[in-house]
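Whatever order the structure lists ligands and atoms in, that order sets their numbers, starting from 1.
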Amino acid sequence: MALKLDSKIPAGALADKWSNHKAAIKVVSPANKRKLDIIIVGTGLGGASAAASLGEMGYNVKVFCIQDSPRRAHSIAAQGGINAAKNYQNDNDSVYRLFYDTIKGGDYRAREANVYRLAEVSNLIIDQCVAQGVPFAREYGGLLANRSFGGAQVSRTF
Ligand SMILES: Cc1cc2nc3c(=O)[nH]c(=O)nc-3n(C[C@H](O)[C@H](O)[C@H](O)COP(=O)(O)OP(=O)(O)OC[C@H]3O[C@@H](n4cnc5c(N)ncnc54)[C@H](O)[C@@H]3O)c2cc1C
């Protein structure tokens, strides 16, 4: 019998699935966060940003990696950029356009609800990266620069 993967995507309309889930999720009292140990395996952008954010929230975080230095994760190789629908270039970008381009760029094989959530929080991801020190390219005036990248019709790559 073929195994069916349960990806546990919440119910509801596509654009609301993860927002509704987040609104209904149980939260941990600030007084209790410091009583909880969280173990994170990996210090790339995924693990390191999760560790920094959870540590800032007050949890006891322990991070592990296999390289000589935490910064040697595969993530340091990335240099093309990260897409976000901030529409800084005023070229009619939107969460829906980023969602659509990403689904299309993934040959229609990605999980739509998760890609929609990625597009929806893309702007927050850039803000978080900037706050945590990711050295994005900037315009001469200091603002974050964008370019068109990967076949997109708009300039949304940071
Ligand atoms: C050359 C290159 C260019 C790229 N350019 C882009 C780009 O322009 N834009 C983009 O969006 N993406 C790009 N990517 C992809 C992107 O870099 C990765 O998808 C992303 O960095 C993965 O981040 P991560 O935190 O999930 O994993 P990683 O950065 O790979 O980190 C994995 C971590 O897990 C640790 N680990 C693994 N196994 C164990 C274990 N058994 N025990 C303990 N620790 C373990 C590793 O030591 C490491 O710290 C590029 C990738 C490459 C290689």
*Verify the contact flag for atom 21 (O) of ligand 1, where contact means a protein heavy atom under 4.0 Å away.*
yes
*Can you confirm whether something in the protein, heavy atoms only, sits under 4.0 Å from atom 40 (C) of ligand 1?*
yes
*With L36, which of V61, N60, L54, V28 fulfils side chain to side chain contact (heavy atoms under 4.5 Å, CB included)?*
V28
*atom 34 (O) of ligand 1 - nearest protein heavy atom and its distance*: G42 CA, 3.2 Å
*Is it the case that one hydrophobic cluster holds both L14 and Y108, taking links as side-chain heavy atoms less than 4.5 Å apart, direct or via other members?*
yes
*Heavy-atom distance to atom 13 (C) of ligand 1: which of G80, G81, A78 wins?*
A78
*Between S75 and G44, is there a donor-acceptor pair closer than 3.5 Å when you use the side chain of the first and the backbone of the second?*
no
*Using the six-membered ring of Y100, assess whether NZ or CZ of R97 lies under 6.0 Å from its centre and within 45 degrees of the ring axis.*
no
Pairs under 3.5 angstrom only: tabulate donor-acceptor contacts from the side chains of residues 114-136 to other protein residues two or more places apart or in another chain.
| from | atom 1 | to | atom 2 | distance (Å) |
| --- | --- | --- | --- | --- |
| N114 | OD1 | W18 | NE1 | 2.9 |
| R117 | NH1 | S19 | OG | 3.3 |
| R117 | NH1 | E120 | OE1 | 2.9 |
| E120 | OE2 | S19 | OG | 3.3 |
| S122 | OG | A85 | N | 3.2 |
| S122 | OG | A119 | O | 2.8 |
| N123 | OD1 | A85 | N | 3.1 |
| N123 | OD1 | K86 | N | 3.1 |
| N123 | ND2 | A85 | O | 3.4 |
| D127 | OD1 | K86 | NZ | 2.8 |
| Q128 | NE2 | S53 | OG | 2.7 |
| Q132 | NE2 | S53 | OG | 3.3 |

*Mind checking whether I82 and Y88 sit in one hydrophobic cluster, side chains of I, L, V, M, F, W, Y counted as touching below 4.5 Å?*
yes
*asked:* Strictly distance-based, threshold 3.5 Å: is any side-chain N or O of D6 a donor or acceptor partner for the main-chain N or O of K8?
replied: yes
*Any chain of hydrophobic side-chain contacts (each under 4.5 Å) joining I38 to M57?*
yes
_Protein heavy atoms near atom 15 (C) of ligand 1, is at least one of them under 4.0 angstrom away?_
no
*Which atoms of ligand 1 are found less than 4.0 Å from any heavy atom of Q79?*
5 (N), 8 (O)
*asked:* Regarding ligand 1, does L45 bring an N or O atom to under 3.5 Å of one of the ligand's N or O atoms?
replied: yes
*Residue pair E112 / I103, side-chain heavy-atom distance below 4.5 Å*: yes
*For atom 25 (O) of ligand 1, what is the nearest protein heavy atom, given as residue, atom name and distance?*
G46 N, 2.8 Å
_Quick check for you: to the nearest 0.5 Å, what is the distance between Q89 atom CD and R147 atom CZ?_
12.5 Å
*Under the 4.0 Å line, does any protein heavy atom show up next to atom 10 (C) of ligand 1?*
yes
*For atom 37 (C) of ligand 1, which candidate among I66, V41, I40 holds the nearest heavy atom?*
I66
*Of all the atoms in ligand 1, which lie at a distance below 4.0 Å from a heavy atom belonging to S75?*
20 (C), 21 (O), 22 (C), 23 (O), 24 (P), 25 (O), 28 (P), 29 (O)
_Test of proximity, A73 against ligand 1: N or O pairs below 3.5 Å_ = no
*With the side chain counted from C-beta on, respond yes when R111 and L5 share a heavy-atom pair under 4.5 Å apart, and no when they do not.*
yes
_Tell me whether I82 reaches ligand 1 (any heavy atom closer than 4.0 angstrom to a ligand atom)._
no
_Keeping K17 on the side-chain end and A113 on the backbone end, is there a donor-acceptor pair under 3.5 Å?_
no
*Are any non-hydrogen protein atoms located under 4.0 Å from atom 3 (C) of ligand 1?*
yes
*Got a salt bridge between D91 and R156, using NZ or NE/NH1/NH2 to carboxylate O under 4.0 Å?*
no
*Under 4.0 Å from ligand 1, counting heavy atoms only, is it the side chain of R72, its backbone, both or neither?*
neither
*With heavy atoms of C65 as the reference, note each atom of ligand 1 found under 4.0 Å away.*
43 (C), 44 (N), 47 (O), 49 (O)
_Contacting atoms of ligand 1, where contact means under 4.0 angstrom from a heavy atom of T43_ = 33 (C), 48 (C), 49 (O)
*Tell me which protein heavy atom sits closest to atom 30 (O) of ligand 1, plus the residue, atom name and distance to 0.1 Å.*
H74 CB, 2.9 Å
*Identity and separation of the nearest protein heavy atom to atom 52 (C) of ligand 1*: A77 CB, 4.0 Å
*Starting from atom 46 (C) of ligand 1, which protein heavy atom do you reach first, and at what distance in Å?*
Q67 OE1, 3.8 Å
*Interfacing atoms of ligand 1 (cut-off 4.0 Å, heavy-atom, G44)*: 25 (O), 29 (O), 31 (O), 49 (O)
